[in-house]
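This report refers to the structure that appears directly beneath it.
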Amino acid sequence: MAPPRTISGVTATEPDSSETPTPAQAAPSCKRRRIAHLDMDAFFASVELLRYPQLKGLPVVIGGGRRKVDELLLRGPDGTAERERRFIPVEDFPLLKDYVGRGVITTATYAARQFGVGSAMGMMKAAKLCPQAIVLPVDFEEVRRFSRLFKSTITEIAPVMQDRGVDEVYIDFTEVPGGQREGGRVLARLIQKSIFERTGLTCSIGVAPNRLLAKMASEFNKPNGISIVYEEDLQSKIWPLNVRKINGIGPKAGEKLARLGIESIGQLAAQDEQWLMGHFGKSSGAWMHRVAWGRDDSPVVTESEPVSMSRETTFDRDLHAVRDRAELGAIFTDLCMRVAEDLQRKGYVARTIGIKLRYDDFKIATRDHTADSYTADGATIRQLAGQCLKRVPLDKRLRLLGVRASTLVRRGEEPAPQPDTAAPAAGSRRRPHADADKGTGQLF
């Protein structure tokens with residue numbers, strides 16, 4: 001294994017032909033390409049703080065489903081009429097130390113994050129770090145309402161916006177008035193101000209030559225910050241960062257890079273491309289070398305087709321396929337119906353239906369079934385997902401159950417059936433396994 005080379009002698013101005021835009025996308029020669037990444041600050045928590053302003057500045061975690069204690073909170077001590085949220089005394093709110101269940105944290109206020117609490121952390125684990133934190137359930141309907149509101153505010157100012165989830169977007173500043181001034185700071189400030197006036201929420205914005213650098217820049221000055229990065233800032237602002245700051249380098253790749261003595265992006269940039277390809281494969285190695293040098297010519301896409309739609313739930317207690325058959329069956333049916341509703345609401349149909357199981361030992365099993373035709377019908381999805389269940393062992397307790405729809409097309413645009421779909425070839429994924437029902441017990 002070749003030792004990691006030092007960064008000395010490597011300059012951040014290495015010429016890069018891949019950064020040259022195509023004629024169809026090229027900006028005028030007098031304008032620099034300016035791409036922004038906007039990330040709402042602690043979005044789920046911030047939405048709740050608008051309804052509960054008395055919790056501002058306190059450690060608050062958002063996560064888990066709605067519980068009886070949450071209903072009692074809104075009803076008040078006498079349990080009669082619903083009381084105004086902003087007048088509920090702080091001491092009435094449920095605390096993290098009293099939480100029992102398997103919920104995970106969706107987000108936390110910055111006051112809670114100071115204790116090491118963060119998103120995707122189990123709430124029982126977080127209770128050991130910050131027992132005094134207040135717990136509120138996720139209100140997806142309210143979150144989606146504010147998500148639509150802040151995104152519509154952006155597109156009124158800068159119409160080329162790519163939706164990247166409920167709380168983040170990419171925006172092409174290049175041709176927008178103010179998008180070039182101070183590297184994009186003027187336009188970013190206008191968008192921040194407009195979102196705050198419309199929603200009462202803050203956001204952080206990074207502006208850079210491309211999406212890769214913009215996403216990293218949006219983390220530089222949170223919350224409610226603006227960070228500007230130019231091509232010439234690569235060595236001073238980007239290379240000192242840990243490689244995990246690159247969107248696409250996950251825990252496993254990060255651990256492998258660390259074993260190779262590569263921890264910073266600068267150290268990654270110093271490696272020979274062929275050496276990286278030898279350790280991570282041709283495609284991944286070339287990609288790592290490219291992004292370490294800040295190269296990313298991906299466009300801001302205003303519309304994109306979803307790859308899949310899914311619903312899943314983690315149980316409060318482990319459930320068994322036989323002893324908890326009725327409960328699992330009801331949950332499974334509900335998940336299938338919710339997936340069907342998502343497809344119908346968004347105007348899609350699916351051909352592949354899959355399931356996801358997480359057992360009590362945390363091992364995960366997934367199975368897919370591709371049908372002959374497309375559907376968005378709940379009963380059909382339930383039937384196809386049930387066929388997937390026949391191909392997984394159900395002798396262990398389950399922690400999580402999920403249903404996924406993929407191979408999506410817009411409703412009304414389904415391709416014509418192929419002549420051979422009625423008789424799948426041997427070995428087709430649609431052919432039931434010979435041992436499909438062995439050892440599975442009763443299905444739910």
Side-chain angles (χ1 to χ4, degrees), residues 61 63-71 94 96-106 119-128 135 137-138 140 308-343 350 352-371 375 377-406 429-444:
V61 299
R66 189 172 294 279
R67 300 170 292 156
K68 186 175 181 180
V69 66
D70 300 309
E71 302 299 335
L96 190 55
K97 69 181 179 67
D98 299 318
Y99 178 85
V100 177
R102 289 188 174 150
V104 296
I105 293 175
T106 302
S119 59
M121 178 182 290
M123 293 173 70
M124 295 288 281
K125 178 181 178 180
K128 298 177 181 179
V135 182
V138 178
F140 287 106
S308 65
M309 296 183 193
S310 63
R311 291 278 186 165
E312 63 181 42
T313 185
T314 300
F315 310 131
D316 289 333
R317 62 181 181 88
D318 295 338
L319 299 178
H320 194 277
V322 177
R323 291 185 287 275
D324 301 297
R325 181 183 181 190
E327 186 175 355
L328 275 170
I331 294 170
F332 191 49
T333 298
D334 181 65
L335 291 171
C336 292
M337 295 305 166
R338 286 177 179 270
V339 169
E341 290 170 1
D342 292 340
L343 289 167
T352 300
I353 303 300
I355 62 168
K356 174 183 176 182
L357 306 178
R358 179 178 291 131
Y359 298 105
D360 56 2
D361 58 3
F362 288 90
K363 290 184 178 178
I364 294 175
T366 60
R367 295 292 187 274
D368 290 329
H369 183 93
T370 299
T375 185
D377 174 68
T380 303
I381 291 173
R382 176 64 168 85
Q383 187 265 333
L384 295 171
Q387 292 184 36
C388 296
L389 278 176
K390 296 180 180 180
R391 295 162 44 209
V392 292
L394 295 173
D395 53 346
K396 292 186 291 186
R397 287 183 174 273
L398 302 174
R399 292 177 60 90
L400 175 146
L401 179 61
V403 178
R404 181 184 65 256
S406 56
R429 65 189 302 183
R430 297 196 299 273
R431 182 184 177 88
H433 289 205
D435 299 326
D437 293 325
K438 288 186 177 180
T440 62
Q442 288 181 275
L443 300 178
F444 50 82

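This structure is a prediction, so every number in the text was calculated from the model and none was measured. The figures here come from the full heavy-atom set of this structure, side chains too, leaving out hydrogens, waters and symmetry mates. In what follows, residues are counted from 1 in the order of the sequence shown.
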If you measure from [atom1] on [X] to [atom2] on [Y], what distance do you get to the nearest 0.5 Å?
X: Leu357; Y: Leu394; atom1: CG; atom2: CG; value: 6.5 Å
X: His369; Y: Lys390; atom1: NE2; atom2: NZ; value: 10.0 Å
X: Met123; Y: Ile105; atom1: CE; atom2: CD1; value: 6.0 Å
X: Thr106; Y: Met121; atom1: OG1; atom2: CE; value: 13.0 Å
X: Ile355; Y: Arg367; atom1: CD1; atom2: CZ; value: 7.5 Å

* To do: Give me the one residue out of Thr313, Leu335, Thr333 that meets side-chain contact (heavy atoms from CB on, under 4.5 Å) with Val403.
  =>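 That would be Leu335; it is the only one of Thr313, Leu335, Thr333 passing the side-chain contact (heavy atoms from CB on, under 4.5 Å) with Val403.
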Excluding sequence neighbours, so at least two apart, what forms side-chain contact (heavy atoms from CB on, under 4.5 Å) with [X]?
X: Lys128; answer: none
X: Asp334; answer: Arg338
X: Asp361; answer: Tyr359, Lys363, Lys396

Is the closest side-chain heavy-atom distance between [X] and [Y] below 4.5 Å?
X: Arg397; Y: Arg323; answer: yes
X: Val339; Y: Glu341; answer: no
X: Val61; Y: Tyr99; answer: no
X: Arg399; Y: Asp318; answer: yes
X: Ile381; Y: Leu343; answer: yes
X: Leu398; Y: Asp324; answer: no
X: Lys356; Y: Arg358; answer: yes

* Considering all heavy atoms, the nearest Ile353-Cys388 contact ->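 Residues Ile353 and Cys388, closest heavy atoms: O-SG, 3.5 Å.
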* Asked: Do you know the tightest heavy-atom contact between Ser406 and Ala350?
  ->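 Shortest heavy-atom separation between Ser406 and Ala350 comes out as O-CB, 3.5 Å.
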* State which residues pass salt bridge (charged side-chain N to carboxylate O under 4.0 Å, His left out) with Asp360; sequence neighbours excluded, sorted by chain then number. =>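 Expected list: none.
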* Those residues that, when tested against Arg404, pass salt bridge (charged side-chain N to carboxylate O under 4.0 Å, His left out) (two or more places apart) ->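 Scan of Arg404 (salt bridge (charged side-chain N to carboxylate O under 4.0 Å, His left out), adjacent residues dropped) gives Asp368.
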* List for me each residue that meets side-chain hydrogen bond (donor to acceptor under 3.5 Å, both in side chains) alongside Thr375, sequence neighbours excluded, and say none if there are none. =>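 Checked Thr375 against side-chain hydrogen bond (donor to acceptor under 3.5 Å, both in side chains); zero matches.
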* Ile331/Leu319 under side-chain contact (heavy atoms from CB on, under 4.5 Å): CA gap, chis, key distance, verdict -> CA-CA 11 Å; Ile331 294 170; Leu319 299 178; 4.1 Å; yes
